[in-house]
Amino acid sequence: MIRLENIWKQFSGKQVLRGVSFDVRDKETLVVLGKSGGGKSVLLKMIIGLIKPDSGAIVVDGKDVTKMSYPELRALRFKFGFLFQGAALFDSMTVGENIALSLRRHTGYSNEEITERIEYALSIVGLENVTRVMPSSLSGGMKKRVGLARAIALTPRYVLYDEPTTGLDMETADGINLLINDLRTLLGVTSIVVTHDIHSAFVVGDRFAILDQGVTLMTGTREEIQNSDNEEVRKYINSAIG
Amino acid sequence: MAESTVSISESSTSPFALFTLLGKAGNRFFGTLGGYGNVVWWMLRNARDARTYSRNIFQQMVQIGVDSIPIVIFVSTFVGMVTAVQSAYQLYDWIPRNVVGSLVIKSVLLELTPLLTALVLAGKVGATITAELGTMRVTEQIDALEALAFDPISFLITPRVLAGVVMFPVLIVFGDVVAAIGGLLGSVFVANISPEAFINGMKDSFEVYDAVFGIIKATMFGFMITSIACYQGFHVEGGSEGVGKATMNTVVLTCLAVVVMDFVLASVLL
Ligand SMILES: Nc1ncnc2c1ncn2[C@@H]1O[C@H](COP(=O)(O)OP(=O)(O)O)[C@@H](O)[C@H]1O
Ligand SMILES: [Mg+2]
């Protein structure tokens with residue numbers, strides 16, 4: 001269970017978030033919808049303590065992330081897998097090394113176990129025979145898959161997706177959307193997907209939070225937001241579809 | 001200041017907390033100084049975390065040390081040659097020629113090799129480090145490290161600074177030797193001094209303390225260049241343009257830091 005309560009954040013005088021609140025229930029996929037530059041990536045990073053809000057609380061499994069010490073934050077991060085927008089693969093390492101890094105550092109696995117674990121993580125995201133490949137020679141969609149394999153290598157409880165389909169062609173994007181749904185059934189994870197792509201949002205999401213001008217305009221199921229009377233929500237949905 | 005490192009550089013126990021506060025109040029100079037101090041402080045405090053940084057040290061020693069050997073040979077040879085030629089030019093005819101050897105070894109060990117090598121490496125090593133870490137910052141690779149529960153300072157900065165502190169003295173001792181040979185070449189082939197005269201002069205004035213002084217300087221330069229470059233790269237903002245700007249700042253800042261530190265150490269230790 002993750003709960004964001006009244007999150008405010010400014011960067012050098014620019015107020016990006018002005019009171020964002022929403023809940024993420026266990027095992028669901030919550031989609032945060034909002035325009036580019038609206039602070040969606042900042043929100044995701046706040047959840048694992050990479051950025052501190054100016055005010056507000058972020059409660060993960062009963063504990064406020066904003067009040068955690070550094071050792072507590074490190075422990076918290078084991079519960080999370082994070083897929084970054086550009087995949088953020090370590091470009092000086094092969095695909096296999098990217099995934100092995102955290103396994104080597106944080107587990108007592110033997111080399112064989114690590115190799116097995118890498119193969120397993122890659123098979124879940126639908127890749128094989130790529131462990132020796134350098135990230136620079138992968139396509140955008142494959143990079144995201146590797147990024148996802150790396151994120152789930154330590155079997156997280158939560159997976160955070162930052163614009164998982166942005167910059168991909170339709171077909172590749174659909175593949176990633178299906179993968180998000182697969183991961184959820186296979187691993188039973190709770191997910192937050194941040195996107196401005198409303199089509200993807202409806203494929204993967206159980207509930208939705210619409211972010212606009214730094215506040216949560218509305219949270220609800222697909223029916224609830226599509227049937228909303230709120231003028232701003234209607235405008236947002238129409239402009240996003242149209 | 002890149003906000004994404006708050007969890008680390010806002011550690012309240014840091015002795016640089018006051019600077020950080022001044023930075024928040026809008027003083028960029030103290031803010032940067034505080035941020036730099038915090039990174040160094042964090043690095044020292046987590047020196048026990050060898051498991052995180054040890055695997056990268058060797059690779060960095062190769063990149064910072066071994067890869068710099070050609071340029072150190074090149075610079076040192078010319079430093080030695082030009083010192084010999086100019087010393088010979090400045091001496092009255094009645095002064096024995098072996099004085100050239102003395103002048104070369106003194107100035108090379110004390111000043112020229114450490115300073116000029118450090119300035120060249122400020123460009124080469126400093127720029128490489130800032131560009132590398134800066135690219136990792138803007139492509140979210142540093143965030144990814146943190147998300148994987150790594151301490152990015154121990155993982156990225158500590159091995160580079162350690163490699164600098166270890167390899168700069170090695171490079172500069174190596175440069176001293178090459179510069180002496182360069183001095184010999186310049187003396188013999190340009191200034192028409194006999195090799196015996198040059199070598200005797202060199203032997204007469206060689207003092208171990210001079211070489212030690214050069215090594216102390218090299219250690220400090222290695223620390224300053226790598227730590228400033230890491231700090232700059234770590235805190236890049238604003239995409240690839242930001243990486244370019246930070247890289248340029250690194251070259252300027254490290255050169256300034258080197259000449260100032262050079263003067264300070266000479267004043268204190270000589
Ligand atoms: N580390 C940072 N330092 C300064 N400004 C930032 C930082 N991260 C994000 N911002 C600013 O916050 C705003 C929101 O960014 P972001 O969360 O990336 O938007 P989104 O992901 O919704 O497109 C942007 O204007 C961006 O420039
Ligand atoms: Mg974003």
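Labels below follow one simple rule: chain letters A, B, ... track the order of the sequence lines, proteins then strands, and each chain is numbered from 1.
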TODO: Answer with side chain, backbone, both or neither: which region of Phe84(A) has an atom nearer than 4.5 Å to a non-hydrogen atom of chain B?
DONE: both
Task: Rounded distance [0.5 Å steps], CZ in Arg105(A) versus CG in Asp49(B) - done: 5.0 Å
Task: Student check: side-chain heavy atoms of Gln141(B) and Asp91(A) closer than 4.5 Å - done: yes
TODO: May I ask you to check whether over 12 heavy atoms, not counting those of Gln213(A), lie within 6.0 Å of atom CD?
DONE: no
Open item on the list: I need the Leu73(A) CG to Asp151(B) CG distance, nearest 0.5 Å.
Closed with: 12.0 Å
- [ ] Answer whether the closest heavy-atom distance between the side chains of Leu148(B) and Phe82(A) falls below 4.5 Å.
- [x] no
Task: Side chain proximity check, Glu146(B) to Lys45(A), heavy atoms < 4.5 angstrom - done: no
Open item on the list: Is it true that, when you exclude Lys245(B) itself, more than 12 heavy atoms of the residues, nucleotides or ligands shown sit nearer than 6.0 Å to its NZ?
Closed with: no
- [ ] Measure distances from Leu83(A) to the heavy atoms of chain B and classify the residue's part below 4.5 Å as side chain, backbone, both or neither.
- [x] neither
Task: More than 12 heavy atoms of other groups within 6.0 Å of Glu72(A) CD - done: yes
Task: Between Leu160(A), Val42(A), Leu101(A), Ile48(A), the one whose heavy-atom pairs under 4.5 Å with chain B are most numerous - done: Leu101(A)
Open item on the list: Between Phe90(A) and Thr139(B), is there a side-chain heavy-atom distance shorter than 4.5 Å?
Closed with: no
Open item on the list: If we define contacts as heavy-atom pairs under 4.5 Å, which of Leu154(A), Leu89(A), Asp162(A) has the most with chain B?
Closed with: Leu89(A)
Task: Arg51(B) atom CZ, neighbour heavy-atom count above 12 within 6.0 Å - done: yes
Open item on the list: Can you give me the closest heavy-atom contact between Phe150(B) and Ser102(A), atom names plus distance?
Closed with: CE1-CA, 3.8 Å
- [ ] Over all heavy atoms of both residues, which pair between Glu140(B) and Ala88(A) is shortest? Give the atoms and the distance, please.
- [x] O-CB, 3.5 Å
Open item on the list: Is it true that, when you exclude Phe78(A) itself, more than 12 heavy atoms of the residues, nucleotides or ligands shown sit nearer than 6.0 Å to its CZ?
Closed with: yes
